Protein chains: 2
Amino acid sequence: MLIFSFVRRLLKSIVIFRLINSLKEMKKGNITIKDLARELNVSPSTISRALKDHPDISPETKKAVKELSEKLNYQPNSVALSLRQSKTNTIGVIIPEIAHFFFSAVISGIEDIAHNAGYHVIITQSNESIDREMMNTKALFNSRVDGILISISRETNQFNHLQQLIDAGTPVVFFDRVVESINACKVIVNDEQGAYEATTHLIEQGYYRIAHLAGPQNLTISNNRLNGFKAALADNKYMIDDNLIKICGLGTYEEAEAITNELLDYRFPPDAIFANNDVAAYGAMTAIKKRGMKIPEDIAIVGFSNWRFSSLIQPALSSVTQPGFKMGQEATRLLMKQINLGKDEEAITETISLKTNLVVRESSLKRPSEQV
Amino acid sequence: MLIFSFVRRLLKSIVIFRLINSLKEMKKGNITIKDLARELNVSPSTISRALKDHPDISPETKKAVKELSEKLNYQPNSVALSLRQSKTNTIGVIIPEIAHFFFSAVISGIEDIAHNAGYHVIITQSNESIDREMMNTKALFNSRVDGILISISRETNQFNHLQQLIDAGTPVVFFDRVVESINACKVIVNDEQGAYEATTHLIEQGYYRIAHLAGPQNLTISNNRLNGFKAALADNKYMIDDNLIKICGLGTYEEAEAITNELLDYRFPPDAIFANNDVAAYGAMTAIKKRGMKIPEDIAIVGFSNWRFSSLIQPALSSVTQPGFKMGQEATRLLMKQINLGKDEEAITETISLKTNLVVRESSLKRPSEQV
DNA sequence: ATGAAAGCGCTAACAC
DNA sequence: GTGTTAGCGCTTTCAT
């Protein structure tokens, strides 16, 4: 009688214990290795080893551990792991703007490679502000990301925060908007070649008075594009007419519109315009349309493209597009290479230059000879 | 003499120690609280407290600590913090596709709110695959993110992984593509109202035979849009002609093109088309153009928009656009609310329905009365 | 084949 | 006002 009662109480307390236990687990859903250990009467280390198929562990133990972990839906805590191994399996990305076709394509490429390599991707945007870029660099560093991919903001004119990052040993890869003066891995678009191709294409189509709406000359990309433009003219024995090269320093489409109007007012106006970017192309298009002129019958346009206005101009105009997805992929590959570098191997500082794509819209380019 | 020599040796050893120390720090750039403590001959806890302006710490100590931490550029290790507080200050996002205008706008909205709340954002994409979606859910859970924002993949037809997540206590907010059967926070677009507005707009412009290219009727959104369309007709005392409602089940533009051709072959063809999505709109546009008909002189089109084809149709056609940025913001706000909920407060399960925007292109809509 | 113990970097309850 | 200690969850020597 007494024994019976004792056993009953024991059972009851066990049941209650289990109940409380599972309730607790329900509530915070965080089963740990300790929990498994307690349940199976082994030490945490055994669980840890069993879960990773360590050869020392007996098959029975392994089986038991795996079954229980399955049953309780044990999920390892990556944060603890990160702390232990000083490795987060996470990379950080800093870009000027997310909702931008080019950059979202880049992110997609980054995620593609990172995911396959077992890495997470933390996205931050600088919104073209250097302050925010600095905050993001610091925050990502504090999160101990294993590497950082960055395209600098338009405002960024000093680079201490980036140099510090590199000096602290964080692998960094720059893409698209890179810092010339920093010795690091970079992935860029071959703007010069893109501009060269676009201009050559215009020439091949028979255009002979091609203007260029250039970007601010302190930006490397603007300069490269201008150089590509000039090189194409030179290689085709065209004269370089400085009156047909106009710098749009503000970057607004109103400016481009005004400048295009100047060009159109020439006694011998251009028959084609190569625009440094889509904003300029849009401005040019606006000016032309307002005059009741037709594209491409009266004048052709090709522009480097970019998201903000692309939905407005892409269908109408030919463009030189940047390979965003590929850029994301290549940058991430480069980063992975650096991350997996042995401690004592020397850092790599490769620069990859990607080709642009020339997208020709029939409606925007015709041989003048085919015009009425 | 002897004393002098001793002092010199002492100084020398100190200098060497410092040198080695700073070299070590240079190499891995990871100054810890312990390092600061050792340097200042205080305990780590004092450093910790001094850095967070704990009232117990003397002003002098605080000053010394802050100066040193500044000098050595100490950066707290967020991983350790996360482990300690079981809080990562990170939220996870699972979307079908990143390089999609709508979704990148959503991400941007998410990052906006998250950043201001001091959170990081981890982006993962499911690529419309349920397997990958499940992997991502698990990986994010393992990373112990403080909450998850998700738009389910097109393939997702069972929801255990999501229900488990919620049961485990992870705050979850669904957006755009939500799961009806799960009780959780959701942010959606009011498709019915959007369709209603677009249709009403066509009616107001004087169109009187409006066809609808509908989507597969198992998708809630298609159904909602169809309902909005019908409601607008009904409210304007238009007859609902089932012959003018065509379901495009495949979702290809070729299908939409073929169906549009059917419509155009009617003895009394429609004078306007309201397309369930941009693919359908594009198909309709193609069919119309191939017949040499003009938009909108011969027939008008309005479509729900979405990125893939938007650069092709947006400039030409009016559209109903989804507020991606705002959706990201609202979803994140909702998530933050849940995260900041006291342990014992009951979960919230709010649903927010956002308005669409009707974007009217002059070139795509004219009063028939103004036609020749 | 398994356990005990230390430690990744930080904080907070508890001493003194 | 400051130090000691324990512990977040996990791995990994070193014992046994």
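The sequence lines fix the lettering, A, B, ..., with proteins before strands; numbering per chain opens at 1. As the structure is a prediction and not an experimental result, all values here were calculated from the model.
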Considering only heavy side-chain atoms of A/Lys34, the closest of D/dC8, D/dG9, D/dT12 is D/dC8
Is A/Asn142 touching bases, backbone alone, or none of the nucleic acid, heavy atoms closer than 4.0 Å? nothing
Does B/Ser45 make a side-chain N or O approach to OP1 or OP2 of D/dT5 shorter than 4.0 Å? no
Hey, are B/Gln329 and B/Asp112 close enough side-chain-wise for a donor-acceptor pair under 3.5 Å? yes
Using the closest heavy atom to pick a nucleotide of DNA chain D for each, name whichever of B/Gln85 or B/Val42 lands nearer the 5' end. B/Val42
For A/Asp56, answer base if it contacts any base atom (sugar-phosphate contacts may also be present), sugar-phosphate if it contacts only those atoms, and nothing otherwise; contact means non-hydrogen atoms under 4.0 Å. base
What do you reckon, is NZ of B/Lys66 surrounded by more than 12 foreign heavy atoms closer than 6.0 Å? yes
Boundaries of the DNA chain C segment in contact with chain A, non-hydrogen, under 4.0 Å: C/dA1 to C/dG9
Between B/Glu350 and the options B/Lys337, B/Lys186, B/Arg333, the side chain to side chain donor-acceptor pair (under 3.5 Å) test singles out B/Lys337
In whole angstroms, the gap separating C1' of D/dC8 from CG of A/Leu83 amounts to 9 Å
N/O donor-acceptor pair under 3.5 Å between B/Asn136 side chain and B/Gln125 backbone: yes
Counting only N and O atoms by type, is there a donor-acceptor contact under 3.5 Å from the side chain of A/Thr61 to the main-chain atoms of A/Ile57? no
Heavy-atom nearest nucleotide on DNA chain C for A/Pro44 versus B/Tyr74: which residue maps closer to 5'? A/Pro44
Could you tell me whether A/Ile33 contacts a base, only the sugar-phosphate backbone, or nothing, with contacts defined as non-hydrogen atoms closer than 4.0 Å? sugar-phosphate
So, does A/Arg177 use its side chain to make a donor-acceptor pair with the main chain of A/Ile152 at under 3.5 Å? yes
Rounding to an integer number of Å, can you tell me how far A/Asp35 CG sits from D/dG9 P? 8 Å
Rounded to whole angstroms, how far apart are CG on A/Leu81 and P on D/dC10? 8 Å
What does A/Thr61 touch in the nucleic acid at a heavy-atom separation under 4.0 angstrom: a base, only the sugar-phosphate, or nothing? sugar-phosphate
Distance in angstrom units between A/Leu51 CG and D/dT12 P, rounded: 13 Å
Would you classify B/Val79 as touching base, sugar-phosphate or nothing, given that sugar-phosphate means primed atoms plus P, OP1 and OP2, and contacts are heavy atoms under 4.0 Å? nothing
Answer with yes or no whether B/Arg49 presents, from its side chain, a donor or acceptor under 3.5 Å of a partner atom in the base of D/dG3. yes
Any donor-acceptor pair under 3.5 Å from A/Glu155 side chain to A/Ser129 backbone: no
Whole angstroms only, please: what is the CZ-C1' distance between B/Arg38 and D/dG3? 17 Å
